[in-house]
*Asks:* 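Take a look at the following structure, please.
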Amino acid sequence: MKITTWNVNSLTARLQHVQDWLAANPVDVLCLQELKLTDDKFPLDVLRGIGYGHCAVFGQKTYNGVAIMSRTPLRDVVKNITGFEDDHSRVIAATLDTPDGALRLVNGYFVNGQAPGTEKFDYKMNWLRGLQAYLRDEVASHPRLVLLGDFNIAPEDRDSFDPVGLAETIHHTTQERDHFRQLLALGLVDSFRLFEQPEKSFSWWDYRMLGYQKNRGLRIDHILVTEPLRAAVKACTIDRVPRKWKQPSDHAPVTVEI
DNA sequence: ATGGCGTTCGCGGAACGA
C-alpha cells in the first residue's frame, strides 16, 4: 500500500503533472493540497479515467483546498477540524479499508503563518492547537492512522538548508517545532525518519533564486503514522523528479509504503 | 534583502505562498 502527499500549487495548473506522475508511480492513494479550485471544478472524470475514481474533495476558490484520491472506496469523510471554526479548506479525513484493516487518513494543508508576530502566525498557532485537540480524539478512535500533508514546519535543523540563518523565522520557530513534537507525543512517528535518508533531504524549494538548483530547500511535507503502523512501514521517500519538470509545483511528492 | 517566482482574479496589480 503506497500513499502519497503532494502540494500541487493549483490542481488546474498541475493536472497534467499529476497524471504524468501517477502514470509512472501508480500509488494507491494520492493526497493533494492547495487545489485552488472549488469542488465543482475538481477534474473527477480525468482522475477516474486513470484509476482514481474514489475522491474526497474539500475545495476552495483561489486558495487552499485538499483532496484524497483513491483507487478503492473511501468512507466516513470529515472536512476541516472538528471543534475548530475555520473559513479555509485545509483538512480532509477519510477511512480506507485494506486487507490489514481500516486505515484512517488525515490530509492537511497547514497554515503558512507568514512571520512570527503577525496575525497569520497567531492563526497558525490557534489552528495547530485545534488540530492537536482533534487528532487526540482521532488517534484514540483510529489506531491505524496516517497524518500527512504540507505541515509548513521544518521539524529539526537538518530539515532546512540554512538552519542558522533562518533560526526562529517562519517554519523554523520554537513554537512551530513544539507543535510538531506535540503531534508526535499523541503517539505518531515521522515515517521519513524511520529510515536512513540522504543529508539535505527537502520537499520544497523556492521558485526564486535558483532554489532547487542550489538545493536551498525545506522538508515541510510529512507523513506521520501511529505506533501500531510503525513496524509495517517499509519506506518513505521524496521524489524530486517532478520538481525538475517544466512549470512545476514548488513541492515534491512524498510517499510512504505500508 | 523590503528582492526574486508562480498562481489567481481579471485586465493592473494585489494577495498569498514559504
Side-chain angles (χ1 to χ4, degrees), chain A residues 5-18 20-21 31-43 57-67 86-91 107-128 131 148-177 179-180 192 200-222 238 240 242-254:
Chain A
T5 175
W6 195 4
N7 179 326
V8 289
N9 185 18
S10 167
L11 182 55
T12 307
R14 226 66 63 198
L15 183 57
Q16 191 59 53
H17 281 198
V18 169
D20 293 347
W21 191 81
C31 296
L32 300 175
Q33 304 90 37
E34 283 210 85
L35 304 179
K36 297 189 175 181
L37 49 73
T38 47
D39 290 9
D40 58 299
K41 300 282 201 330
F42 187 83
V57 182
F58 187 28
Q60 183 181 329
K61 185 179 168 72
T62 310
Y63 303 115
N64 311 309
V66 286
D86 196 355
D87 293 335
H88 296 180
S89 302
R90 293 187 174 276
V91 181
N107 173 30
Y109 174 47
F110 290 34
V111 177
N112 174 310
Q114 191 178 44
T118 64
E119 279 186 20
K120 285 174 186 169
F121 190 82
D122 293 341
Y123 166 48
K124 183 173 196 170
M125 292 301 116
N126 288 329
W127 190 93
L128 286 166
L131 179 74
L148 75 175
D150 176 358
F151 283 51
N152 271 316
I153 300 173
E156 300 176 36
D157 279 355
R158 59 179 166 165
D159 299 313
S160 172
F161 72 96
D162 186 10
V164 175
L166 295 173
E168 296 301 332
T169 66
I170 198 66
H171 305 117
H172 302 69
T173 67
T174 303
Q175 292 172 80
E176 292 165 283
R177 289 177 169 180
H179 271 290
F180 188 88
F192 189 74
K200 301 188 192 307
S201 285
F202 306 129
S203 66
W204 170 88
W205 301 263
D206 202 312
Y207 285 124
R208 299 165 292 187
M209 284 280 291
L210 300 172
Y212 180 75
Q213 290 85 338
K214 296 179 177 175
N215 198 28
R216 293 164 60 90
L218 305 174
R219 191 177 72 94
I220 54 177
D221 300 271
H222 306 298
I238 300 171
R240 291 185 301 200
R243 186 63 177 80
K244 300 170 191 154
W245 293 345
K246 195 178 175 209
Q247 294 182 302
S249 166
D250 41 359
H251 294 254
V254 183

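Just so we're clear, the structure is a prediction, and the values are computed from it rather than from any experiment. A, B, ... follow the sequence lines: proteins, then strands. Residue 1 opens every chain.
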*Asks:* Are Lys61(A) and dT8(B) close enough that a side-chain N or O sits under 4.0 Å from OP1 or OP2?
*Replies:* no

*Asks:* In whole angstrom, what separates Gln60(A)'s CD from dT8(B)'s P?
*Replies:* 14 Å

*Asks:* So do the side chains of Met125(A) and Glu176(A) get within less than 4.5 Å of each other, counting heavy atoms only?
*Replies:* yes

*Asks:* So which one's nearest nucleotide on DNA chain B is more toward 5', Met209(A) or His88(A)?
*Replies:* Met209(A)

*Asks:* Nearest-Å distance, CD (Glu34(A)) to P (dC16(B))?
*Replies:* 13 Å

*Asks:* With no hydrogens and no angle check, do the side chains of Ser160(A) and His172(A) hold a donor and an acceptor under 3.5 Å apart?
*Replies:* yes

*Asks:* Using a cut-off of 4.0 Å on non-hydrogen atoms, how would the nucleic acid contact of Tyr109(A) be classed: base, sugar-phosphate, or nothing?
*Replies:* sugar-phosphate

*Asks:* Using the C1' atom as the reference point in each nucleotide, state the distance between dA15(B) and dG10(B) in Å, no decimals.
*Replies:* 13 Å

*Asks:* Does Tyr63(A) place a side-chain N or O at less than 4.0 Å from the phosphate oxygens OP1/OP2 of dA14(B)?
*Replies:* no

*Asks:* How close or far is atom C1' of dA1(B) from atom CZ of Arg216(A), stated in whole angstroms?
*Replies:* 12 Å

*Asks:* Rounded to whole Å, how long is the line connecting atom CG of Leu210(A) with atom C1' of dC5(B)?
*Replies:* 11 Å

*Asks:* dA18(B) base to Asn112(A) side chain: any donor-acceptor pair below 3.5 Å?
*Replies:* yes

*Asks:* How many Å lie between CG on Asp206(A) and P on dA18(B), as a whole number?
*Replies:* 10 Å

*Asks:* Report the distance from atom CZ of Phe110(A) to atom C1' of dG17(B), rounded to the nearest whole Å.
*Replies:* 17 Å

*Asks:* Please give the distance between the P atoms of dG12(B) and dT2(B) as a whole number of Å.
*Replies:* 31 Å

*Asks:* Looking at Arg208(A), does any N or O in its side chain come under 4.0 Å of the phosphate oxygens OP1/OP2 on dA18(B)?
*Replies:* no

*Asks:* Return the value, rounded to whole Å, for the distance between atom CH2 of Trp204(A) and atom P of dG6(B).
*Replies:* 13 Å

*Asks:* Measuring only the P atom in each nucleotide, how far is dA1(B) from dG17(B)? A whole number of Å is fine.
*Replies:* 23 Å

*Asks:* Name the nucleic acid region contacted by Asp221(A), choosing base, sugar-phosphate or nothing; use a 4.0 angstrom heavy-atom cut-off, strictly under.
*Replies:* nothing

*Asks:* Any side-chain N or O of Asn9(A) under 4.0 Å from OP1/OP2 of dT7(B)?
*Replies:* no

*Asks:* May I ask you to evaluate whether Ser10(A) reaches the phosphate of dT8(B), defined as a side-chain N or O under 4.0 Å from OP1 or OP2?
*Replies:* yes

*Asks:* Answer yes or no: is there an ion pair linking Lys214(A) with Asp206(A), defined by an N-O contact shorter than 4.0 Å?
*Replies:* no

*Asks:* Which part of the nucleic acid does Asn64(A) contact within heavy-atom distance under 4.0 Å: base, sugar-phosphate only, or nothing?
*Replies:* nothing

*Asks:* So Gln114(A), base contact, sugar-phosphate only, or nothing? Heavy-atom distance under 4.0 Å.
*Replies:* nothing

*Asks:* dA18(B), OP1 or OP2 - any side-chain N/O from His251(A) closer than 4.0 Å?
*Replies:* yes

*Asks:* Whole Å only: how far is the NZ atom of Lys36(A) from the C1' atom of dA15(B)?
*Replies:* 10 Å

*Asks:* For Arg216(A), which of Phe161(A), Phe202(A), Trp205(A) qualifies under side chain to side chain contact (heavy atoms under 4.5 Å, CB included)?
*Replies:* Phe161(A)

*Asks:* Looking across every strand, which nucleic acid part, if any, lies under 4.0 Å from Arg14(A) by heavy atom: base, sugar-phosphate, or nothing?
*Replies:* sugar-phosphate

*Asks:* Fit a plane to each ring of Phe151(A) and Phe110(A), take the angle between them on a 0 to 90° scale, and name the class: parallel (under 30°), tilted (30 to 60°) or perpendicular (over 60°).
*Replies:* parallel

*Asks:* Can you find a pair of side-chain heavy atoms, one from His222(A) and one from Phe192(A), that are under 4.5 Å apart?
*Replies:* no

